[in-house]
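First up is the structure itself, then whatever we jot down about it.
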Amino acid sequence: MKTRRQTLILAGFLAALYVAASLSLFFPARAAVVLEVGSSGTNVTKVQKKLIQFGYLDGEADGRYGEKTRDAVKWFQRRNGLTVDGRVGPATAAALGVTLTSSASSSGSSTVSADQYLLARLVYAEARGESYKGKVAVAAVVLNRVRSSSFPNTISGVIYQSNAFESVSNGSINKTPDSDCLRAAREAMNGWDPTGGCLYFYNAAQVSTGSWIKTRTVKTVIGNHSFAV
């Protein structure tokens, strides 16, 4: 039989659990800040300064998490027995001696959706040598297809539609996109369409004369790509 003291302790414990559960509904725990390619802001600057200080990164701390910063992070992680993924989460930040704050992250990985990342991979594979406007234009073509009844209605469906993009067929879509491509994908998703509604793009210098794509009406040319409907 429980004593009165044991009963009071148990009641107090259950009450504390109830209060904690209730508070969690109103004050959910914040997700940890994680930085990766495409992140920018003072968090990235802090990480870069430490990498420069420790000899893992050359150059200046510009606050932009590109491939050079990612490679430096991987090197640091490898040398310090951390998971080598090129991303700065709580463990890597602690090893570097920096504190990541959510208010300092302007475009970190926590805000990069799966759709944006996939779109950025396609942009990197198809247009990494093009101007920034040309990168946004390629992303816009994908989104225009999503909105068209003639194509699948999701970004992944459009990108992985059979024979839609050579970069999918040859596997180059699996490469890691840089910060420009991540930004270009986001701007296209936010509504910027330099093509004016085009559904196709191609490099005229690499397409044979009799190709069906050349029967489409070209609306604009940006860099090496012709954009058509």
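Just so it is clear, the model here is predicted, and its values are computed rather than measured.
Proximity of Ile173 to Phe165: side-chain heavy atoms (C-beta onward) are nowhere separated by under 4.5 Å. Residues Val73 and Leu57 are not in side-chain contact: their nearest non-hydrogen atoms beyond the backbone lie 4.5 Å or more apart. Residues Pro177 and Tyr117 have side chains in contact (heavy-atom distance under 4.5 Å, counting atoms from C-beta outward). Looking at heavy atoms from C-beta onward, Val146 lies in side-chain contact with Ile155 at the 4.5 angstrom threshold.
Under a 4.0 Å N-O distance rule, the pair Lys68/Asp71 does not qualify as a salt bridge.
When the side-chain hydrogen bond (donor to acceptor under 3.5 Å, both in side chains) test is applied to Asn170, the partners found at least two apart in sequence or on another chain are Ser172. Residues meeting the ring pair (Phe, Tyr, Trp, His ring centres under 6.0 Å) test with Tyr202, sequence neighbours left out: none. Every residue meeting the side-chain hydrogen bond (donor to acceptor under 3.5 Å, both in side chains) condition with Asn174, not counting sequence neighbours, appears here in chain and number order: Arg121. The side-chain hydrogen bond (donor to acceptor under 3.5 Å, both in side chains) test applied to Asn224 returns Glu130, not counting sequence neighbours. Taking Asp178 as the reference, nothing meets the salt bridge (Lys or Arg N to Asp or Glu O under 4.0 Å) condition, with sequence neighbours excluded. Every residue two or more places apart in sequence or in another chain that forms a side chain to side chain contact (heavy atoms under 4.5 Å, CB included) with Thr220 is listed here: Ile222, Phe227. Listed by chain and number, the residues in a side-chain hydrogen bond (donor to acceptor under 3.5 Å, both in side chains) with Arg147 are Asn144 (sequence neighbours excluded). The ring pair (Phe, Tyr, Trp, His ring centres under 6.0 Å) search around Phe76 returns Tyr56, not counting sequence neighbours.
Remark: Ser39 OG to Arg70 CZ distance equals 12.5 Å, nearest 0.5 Å. Atoms CG and CG, on Asn43 and Leu35 in that order, are 5.5 Å from each other to the nearest 0.5 Å. Expressed to the nearest 0.5 Å, how far CG of Asn203 lies from CD1 of Ile213 amounts to 12.0 Å. Between atom NZ of residue Lys74 and atom CD of residue Glu67 there is a gap of 9.5 Å, rounded to the nearest 0.5 Å. With values rounded to the nearest 0.5 angstrom, Asn80 atom CG is found 9.0 Å from Thr92 atom OG1. Atom NZ of Lys135 is separated from atom CZ of Arg128 by 10.0 Å, given to the nearest 0.5 angstrom.
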List, one per line, each side-chain donor-acceptor pair under 3.5 Å for residues 47-55, sequence neighbours excluded.
{"unit_1": "Gln48", "atom_1": "OE1", "unit_2": "Asp62", "atom_2": "N", "d": "3.0"}
{"unit_1": "Gln48", "atom_1": "OE1", "unit_2": "Gly63", "atom_2": "N", "d": "2.8"}
{"unit_1": "Gln48", "atom_1": "NE2", "unit_2": "Asp62", "atom_2": "OD1", "d": "3.1"}
{"unit_1": "Gln48", "atom_1": "NE2", "unit_2": "Arg64", "atom_2": "O", "d": "3.0"}
{"unit_1": "Gln48", "atom_1": "NE2", "unit_2": "Thr69", "atom_2": "OG1", "d": "3.0"}

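Pairs engaging residues 122-148 under the ring pair (Phe, Tyr, Trp, His ring centres under 6.0 Å) rule: none recorded [sequence neighbours left out]. The list of salt bridge (Lys or Arg N to Asp or Glu O under 4.0 Å) pairs with a residue in residues 203-229, not counting sequence neighbours, is empty.
As a member of the Ile/Leu/Val/Met/Phe/Trp/Tyr network built from side-chain separations under 4.5 Å, Val84 groups with nothing else and remains a singleton.
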### Task
Could you please spell out the steps behind the side chain to side chain contact (heavy atoms under 4.5 Å, CB included) verdict for Ser40 and Arg183?
CA-CA 11 Å; Ser40 63; Arg183 192 158 53 95; over 6 Å; no
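Counting only distance, with no hydrogens or angles, the side chain of Thr83 and the backbone of Asp85 share no donor-acceptor pair below 3.5 Å.
Counting non-hydrogen atoms of other residues, nucleotides and ligands closer than 6.0 Å to CD of Gln161 gives a total above 12.
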